[in-house]
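Shown next, in structure tokens, is the structure this report addresses.
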Amino acid sequence: MLAKNSRLAAHNRAWFAERSIVTINLMSSPGAGKTSLLERTIRDNGAGRQVAVVEGDQETVFDAERIRDAGARAVQINTGAGCHLDATMVRSGLDALDPDRGDLVFLENVGNLVCPALFDLGELRKVVVISVTEGDDKPLKYPHMFAAADLVVVNKTDLLPYVDFDVDRCERDARSINPGVGWLPVSTRTGENLDAWYAWLQEL
Ligand code: MG
Ligand code: ZN
């Protein structure tokens with residue numbers, strides 16, 4: 001199953017490259033703020049280029065509607081009982097999305113820190129969003145996700161005064177698994193440090 005997925009992901013990757021499309025596989029547990037990060041990025045034009053989104057959720061079209069309201073093209077994929085996006089689902093999403101040449105395409109994965117790490121979608125970069133309300137033990141509990149990530153976005157930093165979340169310890173744990181991983185604390189609510197996120201996107 002994974003070998004077949006890898007072949008289809010390679011297909012997606014070539015398709016993106018031919019069109020100069022940059023893709024990010026955005027992963028997190030449910031409620032960490034993936035969609036909020038995308039809404040804010042779209043409204044601020046933080047990517048510096050047109051954004052389009054493939055939304056993965058088990059049910060509902062809520063997130064695709066939020067992305068469209070923010071001003072970008074979006075398609076919703078419902079995985080039903082499935083707990084991750086795979087390369088085939090992304091392919092069918094792209095057929096409906098029809099992104100333009102040079103777009104930044106976000107693949108917002110199903111909220112889950114386990115198996116999305118195993119399925120290559122053909123993306124250029126993997127970004128993991130964690131939030132300070134979910135505890136600072138996630139890197140050690142879900143090492144495969146953090147080993148696969150290019151960047152960790154730590155969201156909801158505006159709530160740090162109200163929770164026991166040790167940002168430094170969490171960063172140390174993430175880097176013990178993946179020494180080169182990027183680390184970016186932000187608040188999508190207050191906008192704190194989003195400039196650094198936008199700078200990262202614009203360098204892709
Ligand atoms: Mg979402
Ligand atoms: Zn899964």
Side-chain angles (χ1 to χ4, degrees), residues 1-9 12 23-44 46-47 51-94 96-97 99 103-123 125-134 138 141-149 151-159 184 186-189 191 194 197 201:
M1 191 173 71
L2 280 173
K4 183 181 173 218
N5 185 72
S6 293
R7 274 200 312 280
L8 294 166
N12 289 348
T23 48
I24 294 177
N25 183 358
L26 193 60
M27 298 174 283
S28 79
S29 48
K34 296 183 298 300
T35 311
S36 299
L37 181 66
L38 294 184
E39 286 177 302
R40 183 90 196 222
T41 301
I42 292 159
R43 291 208 163 94
D44 292 349
V51 167
V53 183
V54 176
E55 280 288 346
D57 281 300
Q58 288 197 319
E59 299 292 345
T60 78
V61 294
F62 297 159
D63 284 1
E65 285 169 355
R66 286 171 61 187
I67 296 298
R68 286 186 206 117
D69 287 347
R73 234 186 286 175
V75 295
Q76 185 80 47
I77 293 177
N78 285 136
T79 57
C83 45
H84 58 267
L85 288 177
D86 66 26
T88 306
M89 295 174 201
V90 166
R91 178 63 260 165
S92 66
L94 292 167
L97 188 66
D103 275 2
L104 172 59
V105 174
F106 285 100
L107 310 172
E108 186 185 327
N109 222 309
V110 180
N112 173 359
L113 286 176
V114 185
C115 48
L118 302 175
F119 287 83
D120 184 4
L121 305 179
E123 73 276 9
R125 295 283 187 270
K126 285 179 161 69
V127 174
V128 180
V129 181
I130 58 174
S131 65
V132 305
T133 52
E134 52 189 292
K138 291 296 172 290
K141 283 187 173 173
Y142 303 98
H144 297 291
M145 177 58 74
F146 290 83
L151 176 71
V152 180
V153 173
V154 184
N155 190 24
K156 310 189 190 181
T157 54
D158 53 298
L159 298 178
L184 204 55
V186 304
S187 167
T188 57
R189 203 165 74 87
L194 285 177
W197 162 243
L201 290 177

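These numbers come from a predicted model, not from an experiment. As the structure lists them, so they are numbered: ligands from 1, and atoms in each ligand from 1.
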Distance-only criterion, 3.5 Å: show the donor-acceptor pairs between side-chain atoms of residues 77-90 and protein atoms not counting sequence neighbours.
unit_1	atom_1	unit_2	atom_2	d
Asn78	ND2	Asp57	O	3.2
Asn78	ND2	Thr60	O	3.0
Thr79	OG1	Gly82	O	2.8
Asp86	OD1	Thr88	N	3.1
Asp86	OD1	Met89	N	2.9

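Legend: salt bridge (charged side-chain N to carboxylate O under 4.0 Å, His left out) pairs involving residues 69-84, not counting sequence neighbours, sorted by first then second residue: Arg73-Asp100.
Residue contact annotation: Glu55 places no N/O/S atom under 2.8 Å from the Mg ion (ligand 1).
The side-chain hydrogen bond (donor to acceptor under 3.5 Å, both in side chains) test with Ser29 is passed by exactly one of Glu134, Lys34, Lys138: Glu134.
If you look at Glu108 and ask which of its N, O or S atoms sits nearest the Mg ion (ligand 1), the answer is OE2. For Asp63, the N/O/S atom at the shortest distance from the Mg ion (ligand 1) is named OD2. With respect to the Zn ion (ligand 2), His84 has ND1 as its nearest N, O or S atom.
The SG atom of Cys115 and the SG atom of Cys83 subtend an angle of 110° at the Zn ion (ligand 2), given to the nearest 10 degrees.
For the 3.5 Å distance criterion, the side chains of Asp158 and Ser187 qualify, holding a donor opposite an acceptor. Counting only N and O atoms by type, the side chains of Asn5 and Asp120 include no donor and acceptor under 3.5 Å apart.
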